[in-house]
Undergrad: 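Below are the structure tokens for one structure; questions will follow.
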Amino acid sequence: MSAHPLQPLAHAIRFLSIDAIVRAGEGHQGVPLGMADIATALYTQHLKFNPADPTWWDRDRVVLSNGHGSMLLYALLHLTGYAHFSLDQIKRFRELGSHCEGHPERHPAGGIEVTTGPLGQGIANAFGMAVAEAYLGAQFGPDLVDHFTYAFVGDGCLQEGIGQEMISLAGHLRLGKLVLLWDDNLITDDGATSLSISEDVAERFRVAQWHVQAVDGHDIEAVSAALGAARADERPSLIACRTIIGKGIPRVQGQRGGHSARLFEQDAQEARTLLNWPHEPFAIPEDIRQAWHAAGQRSAGAHQAWTARLQALPEAQRQEFTRVMSGELPDNWQQVLLQYKQQALAAPQAGSGILVSAEINDLLASVLPERMVGCADLEAPTSHKRSLKAFTASDRSGAYVHCGVREHVMGAMANGMAAHGGVLPLSVTYLVFSDYERPAMRMAALMGLPVKFVFSHDSIGIGKNGPTHQPVEVLASLRAMPNMLVMRPADAVEAAECWALALTHRSGPVSMVFARQNLPLVRHHHTADNLCARGGYVLQEATAGVRQVTLLSTGSEVALALSARDELEQAGIGTAVVSMPCWELFDAQDAAYRQQVLGDGVRVGVEAARRFGWDAYLGARGGFVGMTGFGASGPAEDLYRLFGITPQAVAAEARRLLNT
Ligand SMILES: Cc1ncc(C[n+]2csc(CCOP(=O)(O)OP(=O)(O)O)c2C)c(N)n1
């Protein structure tokens, strides 16, 4: 047993964790017991943080990517003085309402940077934070932005594909202020890592241009020295810390059961004997408490100096930094979108859906310097770079990250940027490839992060690339995700309105779904009001008498619904067209509004996608014109005809319903 003076501090983490897990009757002891010494080295000798100001903008960021080891984080936050993590909360680990949830849940004011649990997400979030730090540092200078991002990481995170995507891209971008502390304990849930992996994991980092060190993870001095070297190196750093899983509990340490086998009172007692910790459950001796408290104060001077530097800035600079970091939009952004809307109507053109978004994105470039765009190797077809420079290893002022063909890390990077603050991230790819970033999208929704997931190529309308590239079920699946707004604008006017809504939406992510093909204008009169704000609205009311039919549609199919309406109206059947660019916003309207929009007559949904979800709006006499299975390879017009998504088919469906 090392006699390092900080050893008792590490043991305090161990016993808070053991006692909380025994009390809860479950939990994962492997990480807090195995990484206690590593965490002690980081928090007492390197970390820049201030428990009295948890959201200090220039704090170092810490991510527990192996989130199952949540007690490590709770113990650290409690011991260093984060008020949110009182001893009482620790005693209620895993109980409903406790701040100490099974896995850490994002709560920056409490000290938790991101929600972790799905392995691999956390290190990719950390990568995004490091990108945000580098970008903001280039803009505002090191006096205001100069911090590290540390991530605790287990074997699981590194086995996940997203882990490799992150290693590759972070190495390429040479993110020198990203430091990973790997709990290299050779054990996962199933047992020895040799069951499922045989490559040299650290070597993967080396070939991706990382700085790699290997240390004894129970040697606090060695870990601290490695942290020092990691911080000094210009490359991102991996510290492979060889540890014993569940260290301190004789029955399970170093074993498969070290990961999360149920612990009993007797295990706790045996650990007390082995580690010479003769204290009652949850009792921390005063000297150790004091030492941890002092660690919590270690950056008080740095915090004060930073605050003074911020105060000393010229007013305009201070205001801009404060604006950006607190996520407020500048005064003039709305004007840009309003003008765009007016121009679209003044010179009507049928522009490609995604290129309309690209144009809007470009117009905002100078107005919103905090906006960063990540794109997964689809710059040409999505065109969201234009006047933006690339963010590279040698130029941190670029706002466009070429993510390569790595959608998953792109999404999680965007989450990390949003969680960091000061950056407004967009993540751009084809709609069908949202499946490759979905786990990150779910985390954005769960965390309530304001990420804009921008998608192109949203239906069979893409044509000849065939069914692999033609989403049919994706809209429904994204709409099924809680706290995700899904927007599918019908033309350039709606696109501008949806952009405006997306920019102001702060409580969660937005999926902005655009067609590749040209979208003729469906709106012909300028309104300063944002009609999309209510999610669905009557685009064309019935004029051939009372409304008998309501055609409900989104995106590229709204124009088609309008044609169907013409046909029905000419036949004397009063028909309205409702555009529904965002179901979630429509659902939030009062019942009277929804009823007025949906109408009393028969309703037909029109969308080049599956019906799943539509019945909520279609009522008992509802019909639907869309896709029932996968698409096919061929020109878009042929596909719309083949699958019966035509104005004639819509009109026929309305007639059929009227006659039944
Ligand atoms: C994406 C994902 N897959 C599976 C799990 C379930 N799971 C939680 S911990 C774990 C084992 C991870 O092993 P390691 O990272 O080595 O953690 P340690 O055993 O060191 O605690 C697994 C499979 C998960 N949380 N996330």
Side-chain angles (χ1 to χ4, degrees), residues 13-14 17-18 20-21 26-39 63-75 94 101-105 114-126 151-167 180-202 204-205 216-218 238-249 251-263 407-409 411-412 415 435-444 446-447:
I13 296 174
R14 289 197 166 92
S17 304
I18 291 173
I21 291 169
E26 60 176 20
H28 296 76
Q29 60 273 9
V31 174
L33 302 193
M35 299 195 86
D37 306 302
I38 300 164
V63 174
L64 183 79
S65 194
N66 41 1
H68 55 283
S70 54
M71 266 312 305
L72 175 68
L73 194 52
Y74 303 147
R94 284 184 168 242
E101 291 102 349
H103 292 81
E105 296 185 15
V114 278
T115 300
T116 50
L119 298 174
Q121 294 294 323
I123 44 175
N125 293 162
F152 295 102
V153 50
D155 301 300
C157 293
L158 301 178
Q159 289 183 351
E160 288 289 350
I162 188 174
Q164 183 57 31
E165 292 181 24
M166 188 286 297
I167 293 169
L180 260 51
L181 291 154
W182 174 27
D183 188 18
D184 180 13
N185 59 21
L186 302 170
I187 298 272
T188 62
D189 206 340
D190 277 4
T193 49
S194 60
L195 285 169
S196 57
I197 191 166
S198 52
E199 83 259 23
D200 177 344
V201 172
R204 292 188 356 224
F205 285 83
D216 174 353
H218 299 301
L238 171 74
I239 307 179
C241 306
R242 178 50 56 87
T243 58
I244 296 169
I245 192 166
K247 184 177 167 67
I249 299 182
R251 184 174 63 89
V252 297
Q253 64 179 357
Q255 312 287 317
R256 178 181 182 182
H259 173 78
S260 66
R262 172 115 199 234
L263 296 187
E407 292 84 3
H408 198 176
V409 80
N415 291 352
D435 281 344
Y436 277 58
E437 66 173 335
R438 178 179 303 266
M441 297 176 73
R442 183 174 187 273
M443 293 306 288
L446 186 59
M447 286 191 257

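Note that these values count all heavy atoms, side chains included, but never hydrogens, waters or copies made by symmetry. Here the structure is a predicted model, which means the values were calculated and not measured. Atoms within each ligand, like the ligands themselves, are counted from 1 in listed order.
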Undergrad: In terms of side-chain geometry, is the basic nitrogen of Asp216 or Arg242 positioned less than 4.0 Å from the acidic oxygen of its partner?
TA: no
Undergrad: May I ask you to decide if the ring planes of His259 and His28 are parallel, tilted or perpendicular, using 30° and 60° as cut-offs?
TA: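 Because their plane-to-plane angle is over 60°, the rings of His259 and His28 count as perpendicular.
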Undergrad: Does atom CZ of Arg438 have more than 12 heavy-atom neighbours from other groups under 6.0 Å away?
TA: yes
Undergrad: Determine all donor-acceptor pairs shorter than 3.5 Å in which one atom belongs to a side chain in residues 63-71; sequence neighbours excluded.
TA:
unit_1, atom_1, unit_2, atom_2, d
Ser65, OG, Gly122, N, 3.4
Ser65, OG, Ile123, N, 2.9
Ser70, OG, Gly102, O, 2.8

Undergrad: Quick one, list the residues around ligand 1 where some non-hydrogen atom comes in under 4.0 Å, by chain and residue number.
TA: Val31, His68, Gly117, Pro118, Leu119, Gly154, Asp155, Gly156, Glu160, Asp183, Asn185, Ile187, Thr188, Asp189, Ile245, His259
Undergrad: Give me each pair satisfying side chain to side chain donor-acceptor pair (under 3.5 Å) with a member in residues 155-164, each pair once, sequence neighbours excluded.
TA: Asp155-Trp182, Gln164-Arg204
Undergrad: Can you name the residues that form a ring-ring contact (aromatic ring centres under 6.0 Å, His included) with Phe152, not counting sequence neighbours?
TA: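 With neighbours one apart ignored, the set is empty.
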